[in-house]
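Treat the numbers as computed from the prediction; the structure is a model and nothing was measured. One is the number of the first residue; the rest follow in order along the sequence.
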Amino acid sequence: MGQKVSRSDFEWVYTEEPHASRRKLILEKHPQIKKLFGHDPNFKWVAGAMVLTQILALFVVKDLTWTWLFVVAYCFGGIINHSLMLAVHEISHNLAFGHSRPMHNRILGFVCNLPIGLPMSISFKKYHLEHHRYQGDETIDTDIPTLLEARLFDTTFGKFFWVCLQPFFYIFRPLVINPKPPTRLEIINTIVQLTFNAVVAYFLGWKPLAYLLIGSILAMGLHPVAGHFISEHYMFAKGFETYSYYGPLNWITFNVGYHNEHHDFPAVPGSRLPEVKRIAKEFYDTMPQHTSWTRVLYDFIMDPSVGPYARVKRRQRGLAT
């Protein structure tokens, strides 16, 4: 099964998450960053173009062999779908239309969700905002692997399979750690998505629908763009629980690699996060950072000091505090 990981437990800490305090320090020194707050008016056009690209691609992939369909789904469609997942991430912070037009954001989320194949835009928002507010909380932050995951996938080969199975853990982990009743918008999201899927299957056949679903799943697993799942919060350097990546894949992922900057300033759209780093470089240049998401995946699998246990956790303090 390969080399066993050296950790036998998570990294338990008893301090607050670091981003709120760093945000205060940065704003005291660089108050001009507040001018970067607000929605990105160009975002909706970029996201809409990606949705349109995937819809047009359906007319091409319907005639492909299954082998070529998998290749195209991994190398092309999956990348666009992953970008759309990160568009949903931007939308969850109301960065498409601003906080004054929440339903505009939710509707665009439904649209960006369509090529992904699985209804997730509303559910993602519900859990993701808690990840920001309660980073590391043992029961609220569903971004952290369960104890069962950490114990089962604690070898080199185990971590390889865990990376491949990441999409399923992201889908089902919240239902185990922090289940919530579905909201009205989640039901609407599901109806809209299933209707779109049915229309695709009815008029174009099952292959185009499979192309969308397979691409989404493959690009969340052992895929370069999925490296951000691990690079963001897995502890590669002791004492640091969030990491940024400043490489070229940010161009197709709405700068999600600027992750310290994003957690420090979630009100700043991805397109302006490089400006946050430029202004407050003395805060960010000295922190550990990643240079390659592919290298992150390799190191996560091969390095025995890193694995599902390599996450900072905090004892639950409850939503009411």
Side-chain angles (χ1 to χ4, degrees), residues 1-13 70 73-74 78 81-82 85-86 89 118 120 123-124 127-128 130-131 134-179 213-243 245 249 253 256-257 259 288 290 292-316:
M1 293 294 290
Q3 191 172 6
K4 196 174 180 68
V5 298
S6 57
R7 298 188 65 94
S8 59
D9 197 2
F10 297 100
E11 183 79 2
W12 291 95
V13 300
F70 270 84
Y74 185 88
N81 278 5
H82 200 95
M85 293 177 195
L86 294 170
H89 166 256
L118 299 170
M120 50 76 70
S123 299
F124 176 84
Y127 286 103
H128 180 68
E130 290 186 349
H131 161 65
Y134 303 102
Q135 181 174 309
D137 188 289
E138 60 181 331
T139 59
I140 298 176
D141 187 356
T142 60
D143 189 64
I144 299 176
T146 62
L147 182 59
L148 180 62
E149 290 172 61
R151 287 177 174 173
L152 286 179
F153 302 99
D154 63 348
T155 64
T156 302
F157 288 113
K159 289 187 290 181
F160 172 81
F161 287 117
W162 184 86
V163 168
C164 293
L165 295 172
Q166 268 195 116
F168 302 102
F169 291 124
Y170 270 95
I171 291 170
F172 295 111
R173 189 188 296 141
L175 304 179
V176 175
I177 296 179
N178 190 17
L213 291 167
I214 291 169
S216 295
I217 292 171
L218 290 178
M220 289 181 70
L222 193 65
H223 196 291
V225 295
H228 76 90
F229 286 136
I230 293 171
S231 75
E232 291 167 356
H233 295 294
Y234 284 81
M235 195 175 63
F236 284 81
K238 189 174 178 64
F240 293 88
E241 57 187 285
T242 305
Y243 301 78
Y245 154 82
L249 288 180
T253 55
V256 75
H259 216 65
H290 295 294
S292 166
W293 280 340
T294 303
R295 181 57 188 261
V296 164
L297 291 173
Y298 177 84
D299 288 345
F300 180 85
I301 293 170
M302 302 302 297
D303 187 344
S305 68
V306 186
Y309 275 126
R311 289 294 297 264
V312 170
K313 291 187 77 172
R314 296 173 171 85
R315 298 297 180 188
Q316 184 182 17

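Here L152 contributes atom CG and T146 contributes atom OG1; the two are 8.0 Å apart, rounded to the nearest 0.5 Å. Rounded to the nearest 0.5 angstrom, M220 CE and F229 CZ are separated by 4.0 Å. Between atom OH of residue Y74 and atom CD1 of residue I214 there is a gap of 14.0 Å, rounded to the nearest 0.5 Å. For the atom pair I144 CD1 and D137 CG, the distance stands at 7.5 Å (nearest 0.5 Å). The line from CG of D141 to CD of Q316 is 12.0 Å long, rounded to the nearest 0.5 Å. Once rounded to the nearest 0.5 Å, the distance linking NE2 of H82 with CG of L218 reads 12.5 Å.
Evaluation of the salt bridge (charged side-chain N to carboxylate O under 4.0 Å, His left out) test over residues 217-242, restricted to residues two or more places apart or in two chains, returns E11-K238, E241-R314. Pairs engaging residues 160-176 under the salt bridge (charged side-chain N to carboxylate O under 4.0 Å, His left out) rule: E149-R173 [sequence neighbours left out]. Sorted by first and then second residue, the salt bridge (charged side-chain N to carboxylate O under 4.0 Å, His left out) pairs involving residues 216-228 (not counting sequence neighbours) form an empty list.
Applying the ring pair (Phe, Tyr, Trp, His ring centres under 6.0 Å) test to Y127 and every residue at least two apart in sequence or in another chain returns nothing. When the ring pair (Phe, Tyr, Trp, His ring centres under 6.0 Å) test is applied to F10, the partners found at least two apart in sequence or on another chain are Y309. Judged as a side chain to side chain donor-acceptor pair (under 3.5 Å), and not counting sequence neighbours, the contacts of S231 are W293. Partners of I301 by side-chain contact (heavy atoms from CB on, under 4.5 Å), not counting sequence neighbours, listed by chain and number: T156, F160, V163, L222. Listed by chain and residue number, D299 satisfy the side chain to side chain donor-acceptor pair (under 3.5 Å) test with R295 (two or more places apart in sequence, or in another chain). Under the side chain to side chain donor-acceptor pair (under 3.5 Å) criterion, H223 pairs with no residue, sequence neighbours left out. The side-chain contact (heavy atoms from CB on, under 4.5 Å) test applied to P288 returns A237, F240, Y243, not counting sequence neighbours. Residues that satisfy the side chain to side chain donor-acceptor pair (under 3.5 Å) test with Q166, not counting sequence neighbours, are absent from this structure. Not counting sequence neighbours, F70 has no partner by the ring pair (Phe, Tyr, Trp, His ring centres under 6.0 Å) test.
Aromatic ring centres of F169 and F153: separated by under 6.0 Å. For H290 and Y234, the gap between ring centers reaches or exceeds 6.0 Å. Taking the centre of each ring, H228 and H259 stay at or above the 6.0 Å mark.
Looking at F236 and V296, their side chains come closer than 4.5 Å, going by heavy atoms from C-beta outward. A 4.5 Å side-chain heavy-atom check between R315 and W12 finds at least one atom pair inside the cut-off. When side chains are defined from C-beta on, L118 does not count as touching S216, because their heavy atoms never get closer than 4.5 Å. Contact of the F300 side chain with the V306 side chain is registered, since non-hydrogen atoms from C-beta on lie closer than 4.5 Å. Within the 4.5 Å cutoff, side-chain heavy atoms of P308 are placed close to those of K159.
Between the H131 side chain and the D143 main chain, no donor and acceptor come within less than 3.5 Å of each other.
The nearest pair of heavy atoms linking G78 to A219 is O-CB, 3.1 Å. When all heavy atoms of P167 and I217 are compared, the closest pair comes out as CG-O, 3.5 Å.
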